[in-house]
S.K.: 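Sharing a structure below in structure tokens format, with a few things to ask.
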Amino acid sequence: MPAKKTKLPKDLLSPPSSRNFFEDVFDVVRQIPKGRVTNYGSIAKYLGTGSSSRMVGWAMNASHAVVPPIPAQRVVNRNGLLTGKHHFSTPTQMQELLEKDGVAVIGNKVVEFKEIFWDPNEELI
DNA sequence: TTCCTGACTCCAG
DNA sequence: CCTGGAGCCAGGA
């Protein structure tokens with residue numbers, strides 16, 4: 001069956017053998033515990049891509065077309081701001097999903113961000 | 001091919 | 001504390 005038309009890079013549609021940046025990003029994001037959040041830079045660092053944090057965000061942009069769904073709401077910027085909220089179906093979707101996870105959000109910012117921060121570099125083997 | 005943009009981050013001033 | 005520039009990598013016009 002041909003893949004549905006998508007804006008995803010060809011690499012993402014490649015077999016698992018050709019592991020790529022996208023799959024790695026999704027893999028890490030899927031492991032973020034409920035109620036915890038992380039940022040783009042930490043994921044980039046964990047994947048060894050150094051300071052390519054923008055690529056993480058870019059990958060998240062494609063996460064909506066992937067299954068199982070990626071908890072993209074758990075990835076915010078280094079200040080705990082919901083910088084990617086406008087990429088969800090509605091401007092409030094990201095916050096609602098976070099609150100559903102038990103994460104309080106006020107003024108586009110994750111409350112107690114520092115407390116619930118989940119760093120893959122230290123908590124993921 | 002070059003130029004611009006982006007769900008980022010760091011460093012100067 | 002705020003602002004601007006650079007580095008970063010991939011994709012689109």
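Chain letters run A, B, ... following the sequence lines, proteins first, then strands; residues in each count from 1. Computed over heavy atoms, backbone and side chain alike; hydrogens, waters and symmetry mates excluded.
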S.K.: Not counting sequence neighbours, which residues clear ring pair (Phe, Tyr, Trp, His ring centres under 6.0 Å) with Y46(A)? List them please.
M.R.: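 Y46(A): no ring pair (Phe, Tyr, Trp, His ring centres under 6.0 Å) contacts found.
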S.K.: Please identify each residue that fulfils side chain to side chain donor-acceptor pair (under 3.5 Å) with S53(A), with sequence neighbours left out.
M.R.: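 Expected list: none.
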S.K.: Taking only residues two or more places apart in sequence or in another chain, which ones pass side chain to side chain donor-acceptor pair (under 3.5 Å) with N77(A)?
M.R.: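 For N77(A), no residue satisfies side chain to side chain donor-acceptor pair (under 3.5 Å) once neighbours in sequence are set aside.
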S.K.: Under 4.0 Å from any atom of DNA chain B, heavy atoms only: list the residues of residues 36-49 of chain A that qualify, in numerical order.
M.R.: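 Those residues are N39(A), Y40(A), G41(A).
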S.K.: Sort me out a list of protein N/O and nucleotides 4-7 of chain C N/O pairs below 3.5 Å, or just none if empty.
M.R.:
unit_1 : atom_1 : unit_2 : atom_2 : d
dG7(C) : O6     : R54(A) : NH1    : 3.0

S.K.: So, using side chain to side chain donor-acceptor pair (under 3.5 Å) as the criterion, who are the partners of R36(A) when residues are at least two apart?
M.R.: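 Counting only residues at least two positions away or on another chain, R36(A) forms a side chain to side chain donor-acceptor pair (under 3.5 Å) with E123(A).
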S.K.: Test of understanding: with ring pair (Phe, Tyr, Trp, His ring centres under 6.0 Å), list the residues that count as partners of H64(A), not counting sequence neighbours.
M.R.: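 Here the qualifying residues are F88(A).
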S.K.: Output all residues satisfying side chain to side chain donor-acceptor pair (under 3.5 Å) with E99(A), sequence neighbours left out; order by chain, then residue number.
M.R.: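 Listed in chain order: Q95(A).
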S.K.: Per the side chain to side chain donor-acceptor pair (under 3.5 Å) rule, what does the pair list look like for residues 104-113 of chain A, sequence neighbours excluded?
M.R.: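 Checked against side chain to side chain donor-acceptor pair (under 3.5 Å) - neighbours excluded - the pairs reaching residues 104-113 of chain A are K85(A)-N108(A).
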S.K.: So which protein N/O to nucleotides 11-13 of chain B N/O distances come out below 3.5 Å?
M.R.:
none

S.K.: Which stems, defined as runs of 3 or more consecutive Watson-Crick or G-U wobble pairs with both pairing distances under 3.5 Å, involve DNA chain C?
M.R.: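 So far as stems of 3 or more pairs are concerned, DNA chain C shows B:2-6 with C:9-13, B:8-13 with C:2-7.
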S.K.: Using a heavy-atom distance cut-off of less than 4.0 Å, which residues of residues 86-104 of chain A contact DNA chain B?
M.R.: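 Within residues 86-104 of chain A, the residues near DNA chain B are H87(A), F88(A).
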